Amino acid sequence: PSLGLTIFLVYISSNLFNKIENKNIKIIFLLIIILIISFYGFISIKRQSVWKSEEKLFLSAGKCAPNSILSRSNSGAMYLLRGDLDKAEEELEFARGIKPIYSKGLNNLGLVYFKKGEIEKAKELYYEALRQDFPYSGAIDNLILLYLSQKDKIHAKRWLMYLYPNNEKEVDALIENYLIENKK
């Protein structure tokens, strides 16, 4: 759409320019066009820097579209990856307030609470992510890790059996190996 609009504006400007007979007005018209092109060119170049990384893009999108659940959830995820749990919680809770059905955002908020040691809140959010019309399956993995971190073999096994039905011996071995490797 932008290319089409640009072509249209060039066509209109060209026709206007050709209809102007006074040289001074033509010069002023050209200067205005050059200023407009320079202004928007500068904005475009400046804006391109946000495409250098996912982090910059998602944080910028959160600022540009502050009422977008996806933009705010992605901003929260970036803060989570940075380790800024307070800012991640703020962004993800804001996104949840927009529309509390975005399962990936709910899962990420659960990760924030898990990292903060608020296990019950994390667990509730993982379950909430799985109850949505479009559940985020990564919440299952996070529930398993949560239960394993609490050494709750029964619940961890229940979710692992959901992922790997008819593989009870492998699931038991997986749980034991995890607990051995992650002794505290």
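Computed from a predicted model, the values in this text were never measured in an experiment.
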N-O pairing of Asp86 and Lys116 below 4.0 Å: yes

- prompt: Is it true that Glu124 and Lys121 have a side-chain N and a carboxylate O under 4.0 angstrom from each other?
  reply: no

Looking only at heavy atoms, what is the nearest atom pair of [X] and [Y], with distance?
{"X": "Leu143", "Y": "Tyr127", "answer": "CD2-CE1, 3.8 Å"}
{"X": "Ala95", "Y": "Ser73", "answer": "CB-OG, 3.3 Å"}
{"X": "Ala156", "Y": "Leu148", "answer": "CB-CD2, 3.7 Å"}
{"X": "Ala139", "Y": "Ala129", "answer": "CB-CB, 4.1 Å"}
{"X": "Lys157", "Y": "Glu168", "answer": "NZ-OE2, 2.6 Å"}
{"X": "Lys87", "Y": "Asp84", "answer": "N-OD1, 3.2 Å"}

Would you confirm whether [X], through its side chain, and [Y], through its main-chain N or O, come within 3.5 Å as a donor-acceptor pair?
{"X": "Asp152", "Y": "His155", "value": "yes"}
{"X": "Ser44", "Y": "Tyr40", "value": "yes"}
{"X": "Ser149", "Y": "Leu146", "value": "yes"}
{"X": "Ser49", "Y": "Lys46", "value": "yes"}
{"X": "Arg72", "Y": "Asn67", "value": "no"}

message: Tyr126 and side-chain contact (heavy atoms from CB on, under 4.5 Å): which single residue from Leu145, Ile144, Asn107 fits?
response: Asn107

- prompt: For the side-chain contact (heavy atoms from CB on, under 4.5 Å) test, which of Leu109, Leu106, Asn74 pairs with Leu92?
  reply: Leu109

message: Under a plain distance cut-off of 3.5 Å, with no hydrogens placed, do Tyr102 and Gln132 share a side-chain donor-acceptor pair?
response: no

message: Can you confirm whether Lys104 is buried at NZ, in the sense that more than 12 heavy atoms of other residues, nucleotides or ligands lie under 6.0 Å from that atom?
response: no

query: For Asn166, does the CG atom sit with more than 12 other heavy atoms under 6.0 Å from it, leaving out its own atoms?
result: no

query: Do Ile36 and Leu30 share a hydrophobic cluster, counting only Ile, Leu, Val, Met, Phe, Trp and Tyr and linking them when any side-chain heavy atoms are less than 4.5 Å apart?
result: no

- request: Start with the C-alpha distance between Ile154 and Tyr147, add both sets of side-chain angles, then the distance that settles side-chain contact (heavy atoms from CB on, under 4.5 Å), and finish with yes or no.
  value: CA-CA 8 Å; Ile154 294 169; Tyr147 285 126; over 6 Å; no

task: List the steps and the verdict of side-chain hydrogen bond (donor to acceptor under 3.5 Å, both in side chains) for Tyr113 and Glu89.
output: CA-CA 8 Å; Tyr113 287 125; Glu89 179 183 0; 2.9 Å; yes

